[in-house]
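Below is one structure, written out as structure tokens, with a few remarks after it.
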Amino acid sequence: MPINLRQVQDVYKDAGDNIIFATMKLNRQDHASDLETIQDLSERLPAFINSMNIRYPDSGLAVAFGLSRNAWDYLFPDAKVPAELEEFQAIEGPKFTAPNTPADLFFHIRARNSAVPFEIMSEVMDRIRANVTTIDETHGFRNFEGRAIIGFVDGTENPSALDTPEYAVIGDEDPDYINGSYAFAQKYLHNMEAWNKLKIEQQERAIGRKKYSDVELEDEEKAPNAHNVASQDNEGGVEHKIVRMNVPFADPAKNVNGTYFIGYARHWTVTKRMLNNMFSKSDRLLDFSTPITGEVFFIPSKATLDAIVDDDLPAKD
């Protein structure tokens, strides 16, 4: 059963120019009402997107909507669970910790025009507001040349455009949920004052690449725990990839500078090993970057969204 990209939510496209990330928890006061709300959203979201694409065809609108394991178990207790969906557990390294911040729902909305994500998010909230509490809403932007807020080009380790679906989209290893994806969302705050005090060469050693040409450094030039070394997953002697989208956000007047990391993957286990490597090896970038959130979500295919609407998800074995 091959992957069908027409069935895939927007998990393998550009991070966007104007971005809204939002995580929410269900209020859990009335299961029937919560379920009906998510079914209504699953039915209407594609129509919201289609309408916006007709009205603003050049907006580059892309949307991903997902649910956590806790949300899945609560909403669909009799349904089969996507094979690798689990609640994220905090990772405690020798110096740094990746916290777990439970959430139920996840939205990643992006477009060239900032009004388009605003309108989509507003339409979504009109349908679900009474049943949810927002945990976090982060508005991101595209930095110059697509650079992360720390000044380095982002996404250079991503697979090529032709290979991206293979790494970001669930295949026939989980036929009930083929064309879905696993998203890991993690929000970082940066100590830019300390980072900017480093010489360019020191920053390059920390990242493992040249800052302006983006050329990878020779191994002996990198810090032993350089970011592009510590964050790799080479399980079984093979480098495994995910689709990384690091989105800058900031409140400059408040001296708040951050990165919203979103990783879309065919296999959550790959992202999980990358995170374990980063924190167990004390990735040099973590000396300047503090994670404040962390949760994994399943991004259903369009067919699975239809199954949610029709109360027709695969039953547990």
Side-chain angles (χ1 to χ4, degrees), residues 3 8 11-12 15 64 66 68-69 82-100 106 108 148 150 152-174 177 180-188 205-209 214 216-219 221-247 259-287 289 291 293-299:
I3 289 171
V8 179
V11 302
Y12 59 93
S68 71
R69 175 62 186 266
E84 296 186 33
L85 183 60
E86 64 181 11
E87 277 300 299
F88 178 62
Q89 302 298 314
I91 301 171
E92 295 187 9
K95 291 177 63 178
F96 308 105
T97 297
N100 61 319
F106 168 76
H108 177 192
I150 60 171
F152 284 74
V153 174
D154 178 48
T156 59
E157 300 297 325
N158 277 345
S160 68
L162 291 176
D163 291 333
T164 291
E166 178 183 344
Y167 294 97
V169 181
I170 296 168
D172 56 10
E173 68 276 359
D174 190 4
Y177 296 110
S181 184
Y182 295 101
F184 181 70
Q186 190 176 44
K187 188 173 177 179
Y188 286 85
R205 278 175 47 78
I207 299 299
R209 289 184 278 112
D214 204 40
E216 185 169 357
L217 299 180
E218 298 296 332
D219 288 346
E221 297 177 294
K222 301 176 184 177
N225 57 344
H227 178 63
N228 69 355
V229 174
S231 62
Q232 285 188 7
D233 171 29
N234 295 307
E235 183 79 7
V238 177
E239 183 180 358
H240 303 277
K241 293 181 180 289
I242 63 172
V243 174
R244 305 165 184 259
M245 299 183 188
N246 286 350
V247 175
T259 294
Y260 202 111
F261 168 75
I262 177 71
Y264 291 110
R266 178 174 186 165
H267 296 286
W268 156 239
T269 50
V270 172
T271 312
K272 188 177 180 179
R273 287 195 297 263
M274 289 177 171
L275 291 164
N276 275 296
N277 288 341
M278 278 184 65
F279 286 84
S280 66
K281 296 178 180 178
S282 300
D283 187 325
R284 174 65 170 138
L285 191 53
L286 294 174
D287 286 316
S289 309
T293 69
E295 181 62 291
V296 59
F297 301 90
F298 170 63
I299 311 296

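All values below come from the heavy atoms of this structure, side chains included, with hydrogens, waters and symmetry mates left out. As the structure is a prediction and not an experimental result, all values here were calculated from the model.
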So, taking the atom named [atom1] in [X] and the one named [atom2] in [Y], what distance separates them when rounded to the nearest 0.5 Å?
X    : Y    : atom1 : atom2 : answer
T293 : K187 : OG1   : NZ    : 7.0 Å
D214 : R209 : CG    : CZ    : 4.5 Å
R244 : Y264 : CZ    : OH    : 15.0 Å
N276 : Q89  : CG    : CD    : 11.5 Å

Which heavy atom of [X] sits nearest a heavy atom of [Y], and at what distance?
X    : Y    : answer
S181 : A168 : OG-O, 2.6 Å
E295 : S68  : OE2-CB, 4.1 Å
L285 : D283 : N-OD1, 2.9 Å
I3   : P165 : CD1-O, 4.1 Å
G66  : I299 : CA-CD1, 3.6 Å
Q232 : N234 : OE1-ND2, 2.9 Å

If the condition is side chain to side chain contact (heavy atoms under 4.5 Å, CB included), which residues does [X] pass it with, not counting sequence neighbours?
X    : answer
V270 : D233, H240, I242, H267, R273, M274
E92  : T97
V296 : F88, F184, W268

Under the rule for salt bridge (charged side-chain N to carboxylate O under 4.0 Å, His left out), what residues qualify as partners of [X], not counting sequence neighbours?
X    : result
E173 : R266
E87  : none
K281 : none
R205 : none

Residue list, side chain to side chain donor-acceptor pair (under 3.5 Å) with [X], at least two apart or on another chain:
X    : value
Y260 : none
S231 : none
D287 : K95, R284
T259 : H190

Sole residue of T271, V169, V11, L85 in side-chain contact (heavy atoms from CB on, under 4.5 Å) with Y182 =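 That would be L85.
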Run the salt-bridge test on K241 and E166 with the 4.0 Å N-O cut-off and return the result as yes or no.
-> no
Between E84 and K272, is there a salt bridge with N-O shorter than 4.0 Å?
->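 Judged by the 4.0 Å cut-off on N to carboxylate O distance, K272 and E84 do not form a salt bridge.
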May I ask you to test the [X]-[Y] pair for a side-chain heavy-atom distance under 4.5 Å?
X    : Y    : value
L275 : Q186 : yes
M278 : I91  : no
F152 : H227 : no

Main-chain N/O of G208 paired with N228 side-chain donor or acceptor, under 3.5 Å = yes
How would you list, by chain and number, every residue that makes a ring pair (Phe, Tyr, Trp, His ring centres under 6.0 Å) with F106, sequence neighbours excluded?
-> F297
